[in-house]
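Note sheet for the following structure.
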Amino acid sequence: MNKQRLVMIGNGMAGVRLIEEVLKINKDIYDITIFGAEPHPNYNRIQLSNILQGKTHFEETIINEWEWYAENNIELFVGEAIINIDIEKQTVLSDKGLEVSYDKLVIATGSVPFILPVKGADKIGVIGFRDINDCEMMIKASKHYKKAVVIGGGLLGLEAAKGLMHLGMEVDVVHLMPHLMERQLDPVASGMLKSELEAQGMNFLMEKQTVEITGSDRVEGIRFKDGTETTTDLVVMAAGIKANIQVVNGTEIEVNRGIVVNDFMETNVDNVYAIGECAEHREVVYGLVAPLYEQGKVLAARLCGLETKAYEGSITGTQLKVSGIDLFSAGEIYDDSTTKPIIVQNYFEGVYKKVLIRENRIVGIVLYGDTRDSNRLFKMLNDKQDIADLTSIPFIQPNGAEETLSVEAMADDEIVCGCNGINKKEIVDAIQEHELTSVEAVGGCTNAGRSCGRCKPVIQDILAYTLGDSFDDAPKKKTLCGCTTLDRDEVVAEIKEKGLTSIKEVMNVLEWKQEEGCSKCRPALNYFLGMIHIDYIDERNSRLVNEKMHANIQKDGTYSVIPRMYGGVTSAEDLLTIANVAKKYNVPLVKLTGGQRIGLYGLKKEQLPDVWNDLGMPSGYAYGKTLRTVKTCVGSSFCRFGTQDSMSLGIELEKRFERLDTPHKVKMGVSACPRNCAESGIKDVGVVGLDGGWEIYVGGNGGTDLRAGDLLCKVATEKEVLDITGAYIQYYRETALYLERTSQWIERLGLDHVKELVADLEKVNALNSRLADTLNRYQEPWEQAINDEAIQNTYYRTREVTLEK
Ligand SMILES: Cc1cc2nc3c(=O)[nH]c(=O)nc-3n(C[C@H](O)[C@H](O)[C@H](O)COP(=O)(O)OP(=O)(O)OC[C@H]3O[C@@H](n4cnc5c(N)ncnc54)[C@H](O)[C@@H]3O)c2cc1C
Ligand SMILES: NC(=O)c1ccc[n+]([C@@H]2O[C@H](COP(=O)([O-])OP(=O)(O)OC[C@H]3O[C@@H](n4cnc5c(N)ncnc54)[C@H](O)[C@@H]3O)[C@@H](O)[C@H]2O)c1
Ligand code: SF4
Ligand code: FES
């Protein structure tokens, strides 16, 4: 049966979770295409506040790596927005002119910040806070400017303000209402919050209505309706959000505040669905992930033709991600004549708890200073539990709180992860069934902890409670990934001992928890098998996406082509060839790379084989976990300081070790004197010429974790450099964790240990002999692709998408 085509507009949190749910139900039902306006894979937007507050980095917030899309055969267009939907033809059109047809269309375009329509709102230095780009702008501004104003004292505004303070800025929060977070907190809790934030150094301008943003090109100040003003270098608008529904303009798809959907996330138009913050369900547009994930489950079942219960709406619970603040709120906040409150307040400890009750049922919760009971109370609210017998203070302030709040005392169905709706029993079952030993593994299996991350400490407690004594050892062990309880060394030992020869066999014999593994273990196993067995047949589909394509995917979904230029040395003829190719294919960017070669950027994947053919040069492997470049200085051939022939040694090193699979990328440099023009001191292997010999440095790194190389040894001849380098690289291949750079590996193993190894000639020879066997088996990948129609069809021919005439 032909697969149907599912197209999704939006590559964000709600949409991609929906796709995960669809794949869980049936991997084979759809050809999936996703368009994302941002140039990134799906990342955890919630964590943007934590990036500003210095608690995490962008890389750590990626939820679905590029490999995940490739592994699941999802066609992904990033940095490409859909600008038109034709519901008659069932096609969508992108801003780059790509027209794609669909059988089912999901709109998951999220929200946009509400920018106050005041004079000056378009000045430089006025931004929203929605994506990583906004985050980066704030970080950049903090390096040049001192003062920031955040407009809006809601969740987003306060998290932004705290982040800007962390970045060293002086921050005013401008708020329209008499108390902060008035949609989530009552005046008492709000007052306590304000006092705490003031104590942390935040300044508030309350009950101020902005009428103008002043300044020339860049913002310089803000003017309020009451005639007062404040100065500022940056304005962050956090005064709410609007559903991003622009894409349906001009269609018959019904909109109100959002795209109107029924209880199955269907719009009024056949085969068109909406989900996430752009969707309006029963007149509600949600702004937190928990309800959006619930919507995703219902829609996934619908799209896969399963019976499903309807989505009937959600009650949401809110928390603020600001260090030192502990609050929770859900449901109704303000009492009225129909509600009765139970309130506990302890000024001395800064604790305030209010539960609103109507007809013996909890209808609202506000907790400040102690939120340990939030899950229990929230469940009672959601379940509409009759609490007639409980309406006394101990029910919100249990005596001997520690005891009743322990994991043991938690009910099985108590929600642990609010974002993902996962209860204690589901976590305990997953731990037992899949022998999970870490919070990450629990997340991989159940989704718990994968969003705001607030529940991670409780998951940790549940692990300890479920595993008992064995938990003490568990966290120390770094398993290969969530699919196995074995670590790297155990997996490698088992492969050798049991003679396992394919990824499938490893997974079967070593009882992998997920039949097909994941994007972490598949490339690692492929590497280990290739490292162990000389005759191993590489599983190309298990490689990381760039290696699979033999080209580096760029942020707009195009690829780069970087041919080898051994030792950074080229010729007029090669330059002419590159220039002609660049012209012929209208290459958008031709650039010298940091590794002394020439990169052609912006090529479409279907152009790659032709470009490689026309170049007629070997691949520079600028995308691989392998030897990248050997940078050289001109050395004794031309430089008056040169003591050695750095270029010829560099070229020999590059020719010897090119294409070799390594646990991570390897860069080398050869300089002909200690002036080090080839930056040998920050390379995985750096060679420096001296009078009468060479010094070999190892473990250097010029990237994010800057590290100077350590002197491994001094040798007299070029042959010794080649032998020691060979032994060193082979030892790294045989002992490093997959994706461990030499800089991390050498610190883990200890320099002395490696020094001893390279001083032992027998060991050096044995390592070099194993390496030589391996080196013999590599083929030039670009040449292979040019000559193999099947490879071209599988990897480089696109499915029929048509370009707009
Ligand atoms: C700083 C911050 C902190 C937050 N903290 C929390 C929290 O603690 N807890 C919580 O539950 N929620 C939090 N949220 C809200 C949460 O991030 C959102 O509810 C969630 O991301 C919504 O998912 P979505 O898929 O609907 O939208 P998004 O995640 O915004 O994804 C929509 C994607 O669609 C893309 N897109 C838009 N138009 C087009 C188009 N025409 N073509 C192609 N692509 C398009 C957008 O670029 C975007 O990448 C926070 C939000 C922010 C900004
Ligand atoms: N911790 C979290 O759960 C979290 C964190 C950040 C963002 N978010 C989500 O992101 C979305 C956006 O958050 P938000 O805080 O912008 O939305 P919001 O609507 O909750 O709050 C906006 C605040 O801005 C104030 N405001 C409105 N107009 C103003 C004006 N002219 N001047 C000053 N103040 C004004 C409002 O009174 C309100 O308190 C929401 O859906 C929110 O749930 C959640
Ligand atoms: S490293 Fe020394 S030999 Fe090489 S170019 Fe620089 S100065 Fe000249
Ligand atoms: S509560 Fe947010 S990830 Fe679990």
Side-chain angles (χ1 to χ4, degrees), residues 8-18 34-40 42-52 77-85 92 94-95 107-113 128-132 134-135 155-156 159-160 163 238 241 243-248 274-279 286-293 295-296 316-321 375 415-422 443 447-456 458-459 632-644 646-647 670-680 688-689:
M8 188 166 76
I9 312 176
N11 186 31
M13 295 189 74
V16 181
R17 173 62 69 86
L18 160 75
I34 302 179
F35 285 87
E38 293 182 75
H40 307 287
N42 176 34
Y43 64 89
N44 190 339
R45 201 171 299 287
I46 297 177
Q47 295 297 335
L48 293 178
S49 308
N50 288 335
I51 294 181
L52 282 188
F77 295 92
V78 289
E80 189 158 355
I82 293 300
I83 50 169
N84 190 43
I85 302 171
V92 294
S94 84
D95 57 357
I107 307 171
T109 45
S111 301
V112 286
F129 182 21
R130 182 70 195 173
D131 56 31
I132 184 63
D134 298 326
C135 228
L155 290 159
L156 189 67
E159 290 183 9
I241 50 176
N244 185 1
I245 52 179
Q246 205 183 352
V247 74
V248 302
I275 188 172
E277 286 190 354
C278 65
Y286 293 95
L288 295 168
V289 289
L292 313 184
Y293 291 163
Q295 296 175 351
T316 53
T318 322
Q319 295 180 306
L320 181 71
K321 300 190 297 298
N375 285 342
I415 293 290
V416 173
C417 176
C419 291
N420 293 285
I422 309 293
N447 278 330
R450 282 180 80 205
S451 307
C452 75
R454 211 168 243 279
C455 55
K456 284 184 177 177
V458 186
I459 300 174
T632 67
C633 74
V634 285
S636 56
S637 316
F638 285 91
C639 178
R640 62 203 164 92
F641 298 111
T643 52
Q644 298 283 0
S646 47
M647 280 191 293
V670 185
S671 307
C673 88
R675 284 173 186 78
N676 237 328
C677 294
E679 296 162 350
S680 306
V688 178

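Heads up: numbering here begins at 1 and tracks the sequence. Counting starts at 1 for both ligands and their atoms, in listed order. Every value quoted in this text rests on a predicted model; they were computed, and no experiment measured them.
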What residue and heavy atom of the protein are closest to atom 22 (C) of ligand 1, and at what distance?
Leu292 CD1, 3.4 Å
Going by the atom numbers of ligand 3, which of them fall below 4.0 Å from some non-hydrogen atom of Gly642?
3 (S)
Out of Val247, Ile107, Ile85, which one pairs with Val92 under the side-chain contact (heavy atoms from CB on, under 4.5 Å) rule?
Ile85
min-distance protein heavy atom vs atom 2 (Fe) of ligand 3 -> Cys673 SG, 2.3 Å
N/O of Lys321 under 3.5 Å from N/O of ligand 1, yes or no?
yes
Region of Asp131 that comes within reach of ligand 1 [heavy atoms, distance under 4.0 Å]
neither
Heteroatom N/O/S of Cys419 within less than 2.8 Å of atom 2 (Fe) of ligand 4
yes
Note the single closest protein heavy atom to atom 53 (C) of ligand 1, along with its residue, its atom name and the distance in Å.
Phe129 O, 3.7 Å
Region of Ile83 engaging ligand 1 - heavy atom pairs below 4.0 Å:
neither
Which ligand 4 atoms does Cys452 reach within 4.0 Å, using its non-hydrogen atoms?
1 (S), 2 (Fe), 3 (S)
Give yes if a backbone or side-chain nitrogen or oxygen of Ala37 is under 3.5 Å from a nitrogen or oxygen of ligand 1, and no if not.
yes
From the list Thr643, Thr632, Asn676, side-chain hydrogen bond (donor to acceptor under 3.5 Å, both in side chains) partner of Ser671 resolves to Asn676
Please report the shortest heavy-atom distance between Ala672 and Cys633, naming the atom on each side.
N-SG, 3.2 Å
Within 4.0 Å of some non-hydrogen atom of Asn676, the atoms of ligand 3 are 1 (S)
Within less than 2.8 Å of atom 6 (Fe) of ligand 3, any N, O or S from Cys633?
no
Here the pair of heavy atoms bringing Gln644 nearest to Gly689 is CG-CA, 3.7 Å
Salt-bridge test for Arg45 and Glu38: reply yes if a basic N is under 4.0 Å from a carboxylate O, no otherwise.
yes
Please determine if atom 2 (Fe) of ligand 4 has an N/O/S atom from Cys455 lying under 2.8 Å away.
no
Contact partition for Ala108 relative to ligand 1, non-hydrogen atoms under 4.0 Å:
backbone
Any idea which part of Leu155 is under 4.0 Å from ligand 1, heavy-atom wise: side chain, backbone, both or neither?
neither
Per-atom contacts of ligand 1 with Gly15, taking only distances under 4.0 Å to non-hydrogen atoms
25 (O)
re atom 8 (Fe) of ligand 3, the protein heavy-atom contact at minimum distance is Cys639 SG, 2.3 Å
Suppose we measure from atom 49 (O) of ligand 1 to each protein heavy atom; which comes out shortest, and what is that distance?
Glu38 OE2, 2.6 Å
With only distance considered, is Arg130 within less than 3.5 Å of ligand 1 through an N or O on each side?
yes
Please state which protein non-hydrogen atom is closest to atom 52 (C) of ligand 1 and give its distance, to 0.1 Å?
Leu156 CD1, 3.9 Å
Atoms in ligand 4 with a heavy atom of Ser451 nearer than 4.0 Å:
3 (S)
Heteroatom proximity flag, Ala14 to ligand 1, N/O under 3.5 Å:
yes
Which one of Glu277, Met13, Arg45 has a non-hydrogen atom at the shortest distance from atom 18 (C) of ligand 1?
Glu277
Should you measure from each heavy atom of Gly418, which atoms of ligand 4 turn up under 4.0 Å away?
1 (S)
If you measure every N/O of Ile82 against every N/O of ligand 1, is any gap under 3.5 Å?
yes
For Cys419, is the nearest heavy atom under 4.0 Å from an atom of ligand 1?
no
What is the closest protein heavy atom to atom 35 (C) of ligand 1, and at what distance does it sit?
Gly10 CA, 3.8 Å
If the cut-off is 4.0 Å to any non-hydrogen atom of Gly449, which atoms of ligand 4 fall inside it?
3 (S), 4 (Fe)
shortest atom 11 (O) of ligand 1-to-protein heavy-atom contact is with Val289 N, 2.9 Å
Ligand 1 to Glu159 polar contact by distance, N or O atoms, under 3.5 Å
no
